[in-house]
Amino acid sequence: MKKVLIINGPNLNMLGIREKSIYGADTLDSINAEIKAYGSELNIECDFFQSNCEGEIITKIHSVLAEYDGCIINAGAYTHYSYAIRDAIACVNKPFIEVHMSDVMAREEFRHISVIREVCKDVIAGFGKKSYTMALKAIGELI
Ligand code: DQA
């Protein structure tokens, strides 16, 4: 069975509470349960990791090399400025897909920049929680 890691970065543990008009009312746990169920349909085993700390995210990205076939990452605001996360993804020769729940290109200008885009195979943004399942389908075709 293929194995995919889903990483969520800072403030995504606050889904369900945080800016509901942008991110919806679902909690991260309930979204992860939906991703896991969809993974079973696609024959993909899904593991989940969330951290508000850049270093912890970097260490987890490194683990993809030995333990996973690919990775879906919503790096939250780190997307827009963390060269360290970008370099970590570049260390790992496995497919990564960048995900955002909101349509970052339609929001504030600082969100238009992604420093991880070039090291990811693709970006899926703007579909709410569905962005994750769309990314899972896409990564399933790459691994
Ligand atoms: C986000 C968009 C980012 O700009 C923001 O900092 C987040 C969430 C999204 O999923 O839409 O934390 O990545």
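Side chains included, hydrogens not; waters and symmetry mates left out as well; all remaining heavy atoms used. In this chain, residues are counted from 1 in sequence order.
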Inset, instruction - Salt-bridge test for E56 and K60: reply yes if a basic N is under 4.0 Å from a carboxylate O, no otherwise. - result: no
For the backbone of [Y] and the side chain of [X], can you confirm whether one donor and one acceptor N or O come within less than 3.5 Å of each other?
X	Y	value
D26	L15	no
S131	G128	yes
D69	I143	no
Q50	G9	yes
K36	C46	yes
Y23	R18	no

Inset, instruction - Could you give me the CA-CA distance, side-chain angles and deciding distance for K129 and E34, then say whether salt bridge (Lys or Arg N to Asp or Glu O under 4.0 Å) is met? - result: CA-CA 9 Å; K129 64 182 178 179; E34 287 183 39; 2.9 Å; yes
Inset, instruction - Apply the test side-chain hydrogen bond (donor to acceptor under 3.5 Å, both in side chains) to residues Y132 and N74: give CA-CA distance (whole Å), side-chain angles for both, the deciding distance (0.1 Å), then the verdict. - result: CA-CA 9 Å; Y132 292 99; N74 183 348; 3.1 Å; yes
Contact check, side chains of [X] and [Y], non-hydrogen atoms, under 4.5 Å:
X	Y	value
Y78	E54	yes
D47	Y68	yes
L5	I72	no

Inset, instruction - Check side chain to side chain contact (heavy atoms under 4.5 Å, CB included) between A88 and all other residues, then give those that pass, not counting sequence neighbours. - result: I58, I61, H62
Legend entry - Atom of I57, atom of P10 and distance for their closest heavy-atom approach: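 Smallest heavy-atom distance, with atoms named: CD1-CD, 4.1 Å.
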Legend entry - Exercise: identify the closest heavy-atom pair between I116 and A75: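 It is CD1-CB, 4.3 Å.
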Sequence neighbours excluded and cut-off under 3.5 Å, please list the side-chain donor-acceptor pairs for residues 95-106, or say none.
residue, atom, partner, partner atom, Å
E98, OE1, S114, OG, 3.1
E98, OE2, H100, NE2, 2.7
E98, OE2, S114, OG, 3.2
E98, OE2, R117, NH2, 3.2
S102, OG, R107, NH1, 2.9
D103, OD1, M105, N, 3.4

